[in-house]
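Worksheet: one structure, shown below.
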Amino acid sequence: MDNTTIIATVVGIILAAILVFSLLKGFIRMLLLAVAVIAAAGLWILMQKHGDTFLSFIMDSPQPWMVQVLSWGTALFCLMVGFHAMRWFSQVFSFRKHGGPTGVITTILMCCVMLWVMVVGLSYYGDVCRIAYYHDLGLAQMNGTPQPEKPWSTAMKDAIRTSSLTAWLEYIDPMENPAQTNLACLVAFGCALDEPTCEAFFYNQLDNRGIPHAFRLLDLFRDPGLRTIVSEGRYVTLLENERLTTFLQFKNTEELMRNIL
């Protein structure tokens with residue numbers, strides 16, 4: 001995918017955003033209100049449970065009333081942000097009532113927000129499909145069938161990340177975690193192999209890569225729980241699995257995993 005195609009894709013997303021905003025403005029306002037209420041309730045519960053932990057970073061002995069103030073304050077702030085977002089949407093494309101630069105700026109801002117959300121979503125979906133691809137690759141090796149094709153979402157993400165125009169998006173993507181994604185791909189591949197093939201793959205291609213205590217990776221391949229997750233196609237669960245996160249915390253394992261695939 002060259003830069004021209006990427007630019008055309010970005011323009012297409014922006015035009016789609018304009019169409020969505022103009023046709024579904026009322027629906028989006030109601031959706032924003034629902035999201036704001038749910039998020040406010042979630043933040044209130046989170047602060048009720050962990051507010052003292054957050055406060056302990058800025059004071060020695062936080063009091064219970066401080067936790068209540070923090071809980072209600074964050075919940076009300078979330079609601080205010082939601083209501084403000086609704087007001088933004090009420091002005092989008094209403095140039096007859098809200099003409100001038102405000103409507104134009106709001107429209108551009110909302111389109112940029114949607115563009116960012118769609119790129120982040122595509123990136124995460126591409127990672128999940130990439131894990132599934134490596135599992136299918138392992139199954140193809142075991143069954144002697146042709147290799148699967150790389151998913152379109154993964155190919156598009158790779159193109160976006162390698163393009164000089166859009167490579168910077170990696171730095172503002174909160175879901176981006178190359179090390180954990182690569183590790184999940186390796187685990188998905190290893191879990192598709194039988195014991196002799198799995199050991200051969202490990203000792204021939206991974207044991208000499210400088211991974212600290214590399215046998216831990218072989219333990220992941222053999223883990224019955226992870227094999228069940230992979231066989232059931234629960235690749236999101238695999239990507240977020242705590243065992244993978246723990247594996248990356250040892251010495252320079254995370255740095256190595258960023259470039260292992």
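The analysis underlying the following values was restricted to heavy atoms, covering all of them including side chains, and did not include hydrogens, waters or symmetry mates. Being a predicted model, the structure only gives us computed values, none of them experimental.
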Regarding Q180 and T245, is there a side-chain donor-to-acceptor distance under 3.5 Å anywhere? yes
Taking all non-hydrogen atoms of both residues into account, name the closest pair between I160 and L122 and its distance. CD1-CD2, 4.0 Å
Would H135 and F189 satisfy side chain to side chain contact (heavy atoms under 4.5 Å, CB included), going step by step from the backbone distance to the final call? CA-CA 5 Å; H135 180 235; F189 181 84; over 6 Å; no
Please enumerate all residues that pass side-chain hydrogen bond (donor to acceptor under 3.5 Å, both in side chains) together with Y125, with sequence neighbours excluded. none
Could you report the tightest heavy-atom contact between L244 and L238, atom names first, then the distance? CD2-O, 3.4 Å
Cluster question for you: counting only ILVMFWY and a side-chain heavy-atom cut-off of under 4.5 Å, with indirect links fine, are I229 and L139 together? no
Grab the two heavy atoms, one from L193 and one from G138, that are nearest each other, plus how far apart they are. CD2-O, 3.7 Å
CD of E232: more than 12 outside heavy atoms within 6.0 angstrom? yes
Cluster link M142 to L226, ILVMFWY, side chain under 4.5 Å: yes
NZ/NE/NH1/NH2 to OD/OE distance under 4.0 Å, E240 and R234: no
Backbone N/O of S71 and side chain of T74: donor-acceptor pair under 3.5 Å: yes
Tell me if the CZ atom of F77 is crowded by more than 12 foreign heavy atoms within 6.0 Å. no
Above 12 or not: heavy atoms from other molecules or residues under 6.0 Å from CD of E242? no
May I ask whether F250 and F247 are part of the same hydrophobic cluster, defined by side-chain heavy atoms of I, L, V, M, F, W, Y residues being less than 4.5 angstrom apart, directly or through others? no
Same cluster or not: are L261 and Y235 linked, directly or through other Ile, Leu, Val, Met, Phe, Trp or Tyr residues, by side-chain heavy atoms under 4.5 angstrom apart? yes
Taking atom CZ of R258 as the centre, report whether more than 12 heavy atoms of other residues, nucleotides or ligands fall under 6.0 Å from it. no
Spacing of L256 atom CG and E254 atom CD [to the nearest 0.5 Å]: 10.5 Å
Go through the steps for L206 and F221 under the test side chain to side chain contact (heavy atoms under 4.5 Å, CB included), then give the verdict. CA-CA 12 Å; L206 297 175; F221 295 162; 3.8 Å; yes
Residue pair R209, I260: steps toward the side chain to side chain contact (heavy atoms under 4.5 Å, CB included) verdict: CA-CA 8 Å; R209 301 292 292 271; I260 200 167; 3.6 Å; yes
When you look at N182 and R130, which way does the side chain to side chain contact (heavy atoms under 4.5 Å, CB included) test go after all the steps? CA-CA 9 Å; N182 286 342; R130 183 164 171 255; 2.9 Å; yes
Is it true that E199 and R222 have a side-chain N and a carboxylate O under 4.0 angstrom from each other? yes
Using modelled atom types only, decide if a donor and an acceptor are shared between the side chain of T154 and the backbone of G126 within a distance under 3.5 Å. yes
Expected output: side-chain T162 to main-chain D158 donor-acceptor under 3.5 Å: yes
Can you see which heavy atom on R227 is nearest to which on G190, and at what distance? NH2-O, 3.5 Å
Are W152 and I131 connected in the hydrophobic side-chain network, where two residues link if heavy atoms are under 4.5 Å apart? yes
